[in-house]
Trainee: 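The following block contains the structure, expressed as structure tokens.
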Amino acid sequence: MGNAKSGALSKDLLEDLKMNTKYSEEQLYVWYQKFLNECPTGRISREQFESIYASFFPDADPKAYAQHVFRSFDSDSDGTLDFKEYIVALHLTSSGKTVEKLEWAFALYDVDRNGTISKNEIHEIVKSIFNMISKEDQKNLPDDENTPEKRTDKIWDFFGKKENGKITEGEFIQGVMDNKNILRLIQFDEPQKVQERLKEKKQ
């Protein structure tokens, strides 16, 4: 059981999150109570994060992707997220301003955190994204991006890098902003968004 202090969302944090995310005060209070129920210590472990993420995608295997998302938000590498990091993670992975989202996407793809992205790192994240797309939906993907390898090649070719080249954060953000098709390839849309897009294509 949390004490009165841990059970209350501080006004400063509430205002900060309202200003920097899409969530309302009511939503934030609900999220906070749920967060404290799941994590009475006020911090969430990677395993707990994976479990919550899995509940959003019951028909997929989001474990690998959730691990990468967790890593990208665990800025101090202590293996836990506090409430603010958790809400920012939810916000940025579902909405958020384009540049903010791309800065986060770069951190997601920069698996070894060395400030650049390699082709292998892109392949690792793309593979985890494919685990979250049902086999049925994968069949409907265009021929040149219907496997993790093909999608990785398509992204890498766009940036015009040699096989063992590296992409910097500036190149990554500018490149994606210049070509919205690449944004679609690097991110994971919620399953219903993928299905809506596919329906539009078939009409």
Trainee: Assess whether atom NZ of Lys18 is packed by more than 12 heavy atoms of other residues, nucleotides or ligands within 6.0 Å.
Mentor: yes
Trainee: May I ask you to decide whether Glu124 forms a salt bridge with Lys127, counting only side-chain N to carboxylate O separations under 4.0 Å?
Mentor: no
Trainee: I need the Ile186 CD1 to Phe106 CZ distance, nearest 0.5 Å.
Mentor: 11.0 Å
Trainee: Does Asp110 reach the main-chain N or O of Ile117 with its side chain, forming a donor-acceptor pair under 3.5 Å?
Mentor: no
Trainee: Do side-chain atoms of Lys150 reach the backbone of Asp144 as a donor and acceptor pair under 3.5 angstrom?
Mentor: no
Trainee: Whether the side chain of Glu50 engages the backbone of Ala66 through a donor-acceptor N/O pair (distance < 3.5 Å, no angle test) should be reported.
Mentor: no
Trainee: I'd like to know if the side chain of Asp74 and the backbone of Phe70 have a donor-acceptor N/O pair within less than 3.5 Å.
Mentor: no
Trainee: How far does CG of Leu9 sit from CG of Leu17, to the nearest 0.5 angstrom?
Mentor: 7.0 Å
Trainee: Of all heavy-atom pairs between Ser128 and Ala64, which one has the smallest distance, and what is that distance?
Mentor: CB-CB, 3.7 Å
Trainee: Determine yes or no for a side-chain-to-main-chain donor-acceptor pair under 3.5 angstrom, with Arg71 supplying the side chain and Arg113 the backbone.
Mentor: no
Trainee: Minimum heavy-atom separation for Asp61 to Met132, with atom names?
Mentor: O-CG, 3.9 Å
Trainee: Is there a path of hydrophobic side-chain contacts, each under 4.5 Å between heavy atoms of I, L, V, M, F, W or Y residues, that connects Val30 with Val88?
Mentor: no
Trainee: State, to 0.1 Å, how close Arg184 and Arg151 come at their nearest heavy-atom pair, and which atoms those are.
Mentor: O-NH1, 4.2 Å
Trainee: Indicate the atoms forming the closest heavy-atom contact of Thr152 with Pro148, along with that distance.
Mentor: OG1-O, 2.7 Å
Trainee: Any side-chain to backbone donor/acceptor pair from Gln48 onto Ser45? Under 3.5 Å, distance only.
Mentor: yes
Trainee: Which distance, rounded to the nearest 0.5 Å, do you find between the CD of Gln67 and the CZ of Arg46?
Mentor: 4.5 Å
Trainee: Sequence neighbours left out, what passes ring pair (Phe, Tyr, Trp, His ring centres under 6.0 Å) with Tyr109? Give chain and number order.
Mentor: none
Trainee: Does Trp104 use its side chain to pair, donor to acceptor, with the backbone of Val99 at less than 3.5 Å?
Mentor: no
Trainee: Between Leu14 and Leu28, is a side chain to side chain contact (heavy atoms under 4.5 Å, CB included) present by the stated rule, with each step listed?
Mentor: CA-CA 7 Å; Leu14 184 64; Leu28 288 166; 3.8 Å; yes
Trainee: Are any of the side-chain nitrogens in Glu15 or Lys11 under 4.0 Å away from the carboxylate oxygens of its partner?
Mentor: no
Trainee: Just verifying a value: how many Å separate Asn120 CG and His123 NE2, rounded to the nearest 0.5 Å?
Mentor: 8.5 Å
Trainee: Hey, what do you get for CD1 (Ile44) to CZ (Phe73), rounding to the nearest 0.5 Å?
Mentor: 12.5 Å
Trainee: Can you say whether the rings of Tyr86 and Phe49 are parallel (under 30°), tilted (30 to 60°) or perpendicular (over 60°)?
Mentor: perpendicular
Trainee: Using a 3.5 Å distance criterion without hydrogens, assess whether the side chain of Glu121 forms a donor-acceptor pair with backbone atoms of Ser118.
Mentor: yes
Trainee: Give me the atom names and distance for the closest heavy-atom approach of Lys166 to Glu171.
Mentor: O-OE1, 3.8 Å
Trainee: Please give me the minimum heavy-atom distance between Trp156 and Ile167, naming the atom from each residue.
Mentor: CZ3-CD1, 3.4 Å
Trainee: Would you confirm whether the ring centroid of Phe83 sits within less than 6.0 angstrom of the ring centroid of Trp31?
Mentor: no
Trainee: Can you measure from CG (Asp16) to CD1 (Ile87) and round to the nearest 0.5 angstrom?
Mentor: 11.5 Å
Trainee: If only atom types and distance count, is the side chain of Gln138 paired as donor or acceptor with the main-chain N or O of Phe130 below 3.5 Å?
Mentor: yes
Trainee: Between the side chains of Thr80 and Asp78, does any donor sit under 3.5 Å from an acceptor?
Mentor: yes
